[in-house]
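Because only heavy atoms are used, hydrogens play no part in the values below, and waters and symmetry mates are left out as well, while side chains stay in. Per chain, numbering begins at 1; letters A, B, ... match sequence-line order.
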Amino acid sequence: MGDNSDFFHRVYDLARRIPPGKVATYGQIAAMLNAPQAARAVGYALHALKPGNIDPPVPWQRVINHRGGISLPAGGGFELQRALLEDEGVIPSEDGNYDLSKYLWKDD
DNA sequence: AAAGTGACTGTTA
DNA sequence: TTAACAGCCACTT
């Protein structure tokens, strides 16, 4: 990324539109950017954000995978994301995943 | 310029 | 239902 990656910025701007209590999937963000195959790159963009999460803060915790699960390794941010979501009222089902039919952000 | 990496996904076994 | 594979994209050596 470095300084000004259009793609990264679009990902961040879009993520900032996800309201508290809702979540979006990597693929959903990618599709909204007219690049439905770039889900992996979306994750890459959010990963590059973690350390400082500078600028207008980006609610990265609201982006999960299409199965309704957190794509971070245990001990590598998984617990943090789960806690941040819980603070916003987003609670996982018994299987540990989030019910997308209930929490998925619909904007289109 | 080629090859490697990773917070993804859809398909195939 | 789970697991392995294979494309895909942006970014970094």
Would you mind reading off the distance between [X] atom [atom1] and [N] atom [atom2], rounded to a whole angstrom?
X	N	atom1	atom2	result
A:Tyr12	C:dA10	OH	P	14 Å
A:Phe8	B:dG6	CZ	P	14 Å
A:His47	B:dA7	NE2	P	5 Å
A:Phe78	B:dA7	CZ	P	14 Å
A:Ile29	C:dC8	CD1	P	22 Å

Within the 4.0 Å limit for protein heavy atoms, which parts of nucleotides 8-13 of chain B are touched? Write it as a string from 5' to 3', B for base, S for sugar-phosphate only, - for none.
BSS---
Is it true that a side-chain atom of A:Gln81 and a backbone atom of A:Gln61 form a donor plus acceptor pair closer than 3.5 Å?
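At least one qualifying donor-acceptor pair exists.
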When you measure from the side chain of A:Tyr103 to the backbone N and O of A:Ile91, does any donor-acceptor pair fall under 3.5 Å?
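Yes, the answer is positive, given that a donor and an acceptor are paired below the 3.5 Å cut-off.
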Spacing of CZ belonging to A:Arg16 relative to CG belonging to A:Leu14, to within rounding of 0.5 Å
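These two atoms lie 10.5 Å from each other.
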Output for pair (A:His47 NE2, A:Leu72 CG), nearest 0.5 Å, gives 8.5 Å
Which residues share a side chain to side chain donor-acceptor pair (under 3.5 Å) with [X], sequence neighbours left out:
X	value
A:Gln28	none
A:Glu86	none
A:Asp99	A:Ser101
A:Arg67	none

Interface residues of residues 81-99 of chain A with DNA chain B (non-hydrogen, below 4.0 angstrom)
none
